[in-house]
Structures are given as structure tokens and as C-alpha cells.
Amino acid sequence: MRIRKKGQIQMMETIVVLFIFFIIVILGLVFYTRIAKSSLAEKLDQYEELSKIQVAQIASSLPELQCSQDNIVKSNCVDLLKVEAATTVMSNNAADYFDLFAFSRITIYYIYPRTGNWPDEWEIYNVQPDDWDSKLPSYFPISLFDPFTQNYYFGVMVVEVYK
Amino acid sequence: MNKKSQMELMGLAIVVVLLSLVFLFVVRFVILRPPSEPIGKEFAESEMAANFLNAMMETNNPDCSDIKMSTLFQDCANNPPDGRIRCSNPDAYSCFYLRNKLGELFGSTFNSWNINYNFYASFDPNDIEGTSKDILTFDDDDCTGNRRMKQQPLPLNPPNTLYLSLFICEGD
């Protein structure tokens, strides 16, 4: 009887040790999952930011938009006549540009100086997914070249990637 | 104490040491890890500052016989306190015109996007805190945290140079 009681106590001890061990393992897993989740969210944000930059860089270097004179390309500049034409061409052929811009919206805004000769904004590309939560804008200032007057104006390319 | 209890105590001590090591490791590398700087955001803000300065300098002003912004800056810095180039709407010399139009430009960009910024046009490249020596200053008081800076030099009458510095303040 005495021997049996000692065996029972040892069994209980093993069970308690195992129980505590599993509790520690579960706590560790929960902690690890939380950390992994937050770093994943951080990576997603970073990816989103990078994809906005990628879209803006591709858009500003599209031959359909960029300024060029005698075959010399001017960086960070879009030709207003090309922009006028691209608004229609790109929105009618959005599928052809999907590989470059995916689900995003690209708009060019005319900021300064106000001459009244050009509209305030041009929507270059806009393809929305069926289901999206947010689209935070990123702003990329650019020069707008007016081929009629040979003048440069101040504009902004706004890139919104649907999330 | 018999040998068995000594062994048990040793085991317990080893477990405690191991757990402490794991805890220290977690605290050092996970909890106390400095928040990583989002590369994309940093790049976008630097790009924004650089592109803003480039596009602004290139911009022609119909009120000043289509003169570029960079020429207005040079005129204002070379001929203080007002400048020599006269513009219309507002009818003023280059320094006042620049102050007026840059205010409009910053208002319809950074202010409307809720992005804090500082802009200085100064003769000293290291004088980037908005002093009385600056010919133009647009200072946003809310710019407290980290700032991304782009600076563009503009040649003036020798030996002077004007430095345009634009800071984009780190957002949330």
C-alpha cells in the first residue's frame, strides 16, 4: 500500500511537469505567432510602399508619357500632349498595362501656374479589384511640358495601389 | 542530502538557466529590437523632396515673361533685398513674387497632403535651420522627428552659391 502511494505521487509529479512543459510550449507558440504576425504586417506595408514607387517610376518613364526632344529623354517630366492622348489610349487598353500597374490608380494633377489652358487632372490608369479596403496615395512631383509654349509647369503624379 | 535529491536540484537549476537564457534572448532580439525603418517610405520621401526641387526649379512663370523659378531665385539672391526682375500678378520684384508663389505652391502640395516640411534658401549649405541670413524660409513648426533632406545648389555671381534645402518631415 505504501509503495503504491509513492508510485502515485511520482506519477502525479510527472503529470504536473508535463502539464507545465506544455503550458510553456503553448505560451512560446502564442508569443512567436504574435511576433511573426506583426513582422509580416510590417513586410506587407513595405511591399505596398515599394509597389507604389515601382508603379510611379514605370509610369513616369513610359514612352507614352515622358518628355523627349530630338530623341533625348528628359527624366521626371511628362509631355502634356502625350498625357492628353494617353488618357484615352491607356484607359481603353487597360488590360495591356495590367502587367505593369496591376490594381492601381494613376492620376496626374496640374498644380502651378494656373493658366487655364489645361485641365486640373488626368486619370491615366485605373483598374480596381472587386474587393478592396484602402488605397493610400503616394505623391511624386513632376514637370509638365507644354509643347505649344515650350514651357514647363509644376505637376504631381499620384499613385494609389488598391489593397 | 542524498545523491538523488542533489541530482534533482541540478536538473532544476539547469532548467531555470535554460529558461532564463531563452527569456533574455527574446527580450534582446524581439522586444528591444529597434523599429525597422521602412525602406520604401524613406525612398518615397527622398524622391518626393528631390523631384519637388527639380520640378520647381524648371517651372516657367507666365507672370514673369516665362522666366524659370531658378532664374528668379538667382535674381533675388544676387540683388537683395527685392531683386531686379519685375513680375505681374502680384506686381512685384522677384523676391516678393517668389515668396508669394512658393507659398501657393507649398499650400497646394505639402499642406494639402498633410505632409510637414521645411524649405530654406540660404547662402551657406550648412545653415539649414532657418536663420535671418536666409533669403527665403518656409518653416513648418510641426517638423520635430526625423527629416529627409535634399539640397540643390544654384550658381550666383561668383563666388556665391545659393543652396535650396527641402526637408520632408517623417510622417506617422
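Below, chains carry the letters A, B, ... as their sequence lines are ordered, and counting in each starts from 1.
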With a 4.5 angstrom heavy-atom cut-off, could you sort out which part of [X] is near chain B: side chain, backbone, both or neither?
X	answer
Gln54(A)	neither
Ile142(A)	backbone
Asn151(A)	both

Please report the interatomic distance [atom1]([X]) to [atom2]([Y]), rounded to the nearest 0.5 Å.
X	Y	atom1	atom2	answer
Leu105(B)	Tyr112(A)	CG	OH	7.5 Å
Asp66(B)	Tyr152(A)	CG	OH	13.0 Å
Glu58(B)	Cys67(A)	CD	SG	9.5 Å
Asn51(B)	Asn76(A)	CG	CG	4.0 Å
Tyr153(A)	Thr59(B)	OH	OG1	10.0 Å

Would you say that [X] contacts [Y] through its side chain, given a criterion of any heavy-atom pair below 4.5 Å between the two side chains?
X	Y	result
Tyr139(A)	Phe110(B)	no
Phe43(B)	Glu49(A)	no
Val156(A)	Trp113(B)	yes

Electrostatic pair Arg114(A):Glu104(B) at N-O distance under 4.0 angstrom: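 Looking at Arg114(A) and Glu104(B), the cut-off is not met.
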Greater than 12 external heavy atoms within 6.0 Å of Phe103(A)'s CZ: yes
Is Ile20(A) reachable from Val30(A) through a run of I, L, V, M, F, W or Y residues, each pair having side-chain heavy atoms under 4.5 Å apart?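 No.
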